[in-house]
Amino acid sequence: ARFQPKLVLNQVRTQTDIDVGHSIKSVCKRYFGVDLDYLGYLDYDTSVWQAVRRKRPFMVEFPNSKLVANLDKITQHLVRKVSNR
């Protein structure tokens with residue numbers, strides 16, 4: 001009952017990719033009886049590659065990227081869940 005895995009999809013490019021998370025959640029419940037928490041997704045972003053090449057955190061190099069916004073949204077969701085315990 002305490003096993004509640006979390007799912008974050010990485011390098012999402014299309015709405016179809018995003019929907020895979022909902023499908024995985026449904027399959028886990030139906031076939032395994034596991035309530036998976038689909039936290040969201042991280043967009044594919046070349047800024048990650050650029051930041052790695054520069055040896056700098058992508059959040060510092062590209063603070064206004066959509067990827068950083070996605071990561072912030074997921075982080076805020078997790079913080080709210082922990083705060084509500």
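Heavy-atom basis, side chains included; hydrogens, waters and symmetry copies ignored. Note that this is a predicted model, so its numbers are computed, not measured. Position 1 is the first residue of the sequence; numbering continues from there.
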Output a table of donor-acceptor pairs, distance under 3.5 Å, between side-chain atoms of residues 59-72 and any protein atom two or more places apart or on a different chain; print 'none' if there are none.
unit_1	atom_1	unit_2	atom_2	d
E61	OE1	R54	NH1	2.7
E61	OE2	R56	NE	2.6
E61	OE2	R56	NH2	3.3
S65	OG	F62	O	3.2
S65	OG	V68	N	3.3

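The ring-ring contact (aromatic ring centres under 6.0 Å, His included) analysis of residues 10-34, with sequence neighbours excluded, yields the pairs H22-Y38. Listed by first then second residue, pairs satisfying salt bridge (Lys or Arg N to Asp or Glu O under 4.0 Å) with a partner in residues 9-23 number zero, not counting sequence neighbours.
Atom OG of S23 is separated from atom CD1 of I18 by 12.5 Å, given to the nearest 0.5 angstrom.
Taking 4.5 Å as the limit, every side-chain heavy atom of L36 sits out of range of all side-chain heavy atoms of K29. Within the 4.5 Å cutoff, the side chain of I74 has no heavy atoms near those of the K6 side chain. The side-chain heavy atoms of Q11 and V48, taken from C-beta on, include no pair separated by under 4.5 Å.
The cluster map of Ile, Leu, Val, Met, Phe, Trp and Tyr, joined by side-chain heavy atoms under 4.5 Å apart, puts V82 and F3 in different clusters. Following chains of ILVMFWY side-chain contacts shorter than 4.5 Å, one can reach I24 starting from V12, so the two form part of one hydrophobic cluster. Cluster annotation: L39 and Y41 are assigned to distinct hydrophobic clusters (Ile/Leu/Val/Met/Phe/Trp/Tyr, side-chain heavy-atom contacts under 4.5 Å, transitive). Hydrophobic clustering keeps V20 apart from L42 (ILVMFWY residues linked when any side-chain heavy atoms are closer than 4.5 Å, directly or through intermediates).
With D45 contributing its side chain and S47 its backbone, the two residues share a donor-acceptor pair below 3.5 Å.
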